[in-house]
J.: 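One structure, pasted below without further comment.
Counting starts at 1 for both ligands and their atoms, following the listed order.
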Amino acid sequence: MQLADPQFGMYAQLSRIDDAERIRFDGMGLKLPFAPETYGLEYETDHYSKAIAAANRLRPDFVVTCGDMCNNKIDPADELAELKRITSTLDPDIPMYWVAGNHDVTNEPTYESIENYRERFGPDFYSFDRSGSHFVVLNSTVWQQPVNVPDELDKQREFLKSDLRSAREAGADNIVLFTHHPPFLTYVDEGDSWLVLPQERRRILVDLLTEYDVATVFSGHWHRNHTAFFGGLQIVVTGATGLPLGPDPSGLRLVTVRPEGISHRFYAFDEMPTEFSPGLET
Ligand SMILES: [Fe+2]
């Protein structure tokens with residue numbers, strides 16, 4: 001089960017947005033949906049609780065949350081407490097894997113912001129195996145903007161290379177990558193934007209993914225659903241568990257990884273299946 005952008009605190013921020021801020025969002029190509037006025041976290045609590053309840057019901061092998069767990073980049077204490085309170089209701093037999101988003105490490109990560117992240121959520125890049133397939137997590141904000149932490153980018157790149165090589169040597173059926181930013185949205189050579197990785201580092205990443213035949217990148221960040229392809233590589237952007245920024249409602253994605261391929265489908269919370277059955281994810 002993949003979640004993205006539960007982003008506790010975003011409803012409160014955007015429901016009280018002023019005209020200047022609305023123009024700024026328009027300039028980023030984001031049409032803000034109607035956000036009900038709130039000063040609290042009740043909408044994020046509702047959505048994320050539904051996601052965790054769905055996990056307890058459908059019993060996926062694991063849950064992964066692809067970044068922007070909280071909205072406040074500087075002091076997310078209240079948001080984080082609510083996120084953790086609800087996460088603690090996830091059945092302990094179902095692991096939760098966290099992925100760092102730009103709100104979790106700031107848009108220009110520093111050693112301090114990354115250290116804060118690691119204290120809150122654990123490592124920001126790592127990998128794990130499940131049922132014959134290999135899953136890798138990267139901190140894509142460092143790939144987006146490494147200016148303050150160049151050696152963190154180097155470490156991730158070296159890690160990725162040796163990790164992918166050993167996964168292939170070990171005979172992994174599929175290799176899947178989880179990030180916050182999608183590497184690109186339409187074409188691998190498209191221009192730079194806040195939504196994707198800059199061309200320079202995108203190319204380094206995509207070359208490695210291609211070399212080791214990585215099947216799919218699951219990401220978030222856009223708060224809407226989208227897919228793109230480059231050769232055998234599929235890029236999946238998953239709509240927000242929290243506040244949507246486009247036509248797709250709040251929800252989550254169900255994914256099945258089989259030796260012969262990967263299938264997946266986004267579900268809005270009001271159409272979530274009550275129990276898992278094969279084919280639900282297609
Ligand atoms: Fe986000």
Side-chain angles (χ1 to χ4, degrees), residues 1-17 21-22 24-36 38 41 43-48 50-51 63-76 78-80 82-83 86-87 96-109 113-114 116-117 120-121 124 137-145 177-185 193-197 217-227 235-253 266 268-269:
M1 177 178 287
Q2 186 217 0
L3 317 180
D5 302 270
Q7 211 152 333
F8 280 78
M10 192 178 184
Y11 274 87
Q13 184 203 346
L14 291 193
S15 67
R16 288 176 282 134
I17 200 167
E21 191 69 350
R22 189 170 288 279
R24 191 176 74 82
F25 271 89
D26 277 355
M28 293 163 78
L30 293 173
K31 289 278 172 241
L32 287 185
F34 169 74
T38 178
L41 301 172
Y43 293 98
E44 290 91 347
T45 293
D46 172 78
H47 300 345
Y48 187 63
K50 284 176 178 161
V63 184
V64 57
T65 300
C66 283
D68 284 3
M69 279 70 85
C70 299
N71 189 58
N72 191 320
K73 297 186 182 104
I74 308 303
D75 179 18
D78 295 347
E79 302 168 357
L80 187 63
E82 184 63 349
L83 174 93
I86 298 165
T87 307
M96 169 68 85
Y97 294 104
W98 302 110
V99 182
N102 57 303
H103 280 257
D104 306 309
V105 292
T106 76
N107 291 348
E108 294 190 354
S113 73
I114 292 174
N116 285 339
Y117 177 86
R120 290 165 188 158
F121 295 104
D124 58 324
V137 170
L138 291 181
N139 181 348
S140 59
T141 312
V142 169
W143 291 70
Q144 239 269 340
Q145 183 46 277
L177 175 63
F178 297 117
T179 59
H180 182 60
H181 299 76
F184 60 90
L185 284 180
S193 83
W194 67 276
L195 271 169
V196 295
L197 300 183
V217 180
F218 288 98
S219 60
H221 189 48
W222 202 10
H223 294 230
R224 61 191 291 178
N225 289 309
H226 182 78
T227 51
I235 308 292
V236 178
V237 183
T238 291
T241 292
L243 180 69
L245 290 176
D248 304 306
S250 304
L252 55 79
R253 189 174 296 278
F266 184 85
F269 287 123

J.: Which protein N, O or S atoms lie under 2.8 Å from the Fe ion (ligand 1), given by chain and residue number?
T.: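 Near the Fe ion (ligand 1), below 2.8 Å, one finds D5 OD1, Q7 OE1, D68 OD2, H223 NE2.
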
J.: Test of understanding: with side-chain hydrogen bond (donor to acceptor under 3.5 Å, both in side chains), list the residues that count as partners of N107, not counting sequence neighbours.
T.: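 side-chain hydrogen bond (donor to acceptor under 3.5 Å, both in side chains) check on N107 returns N102.
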
J.: Dump the intermediate steps for side-chain contact (heavy atoms from CB on, under 4.5 Å) on I86 and F8, then the final yes or no.
T.: CA-CA 12 Å; I86 298 165; F8 280 78; 3.9 Å; yes

J.: Please identify each residue that fulfils ring pair (Phe, Tyr, Trp, His ring centres under 6.0 Å) with F184, with sequence neighbours left out.
T.: none

J.: Can you tell me if N72 and E79 form a side-chain donor-acceptor pair at under 3.5 Å?
T.: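 The answer is no; no qualifying pair exists.
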
J.: Rounded to the nearest 0.5 Å, how far does OH of Y117 lie from OG1 of T106?
T.: 13.5 Å

J.: According to ring pair (Phe, Tyr, Trp, His ring centres under 6.0 Å), who are the partners of H223, at least two apart in sequence or on a separate chain?
T.: none

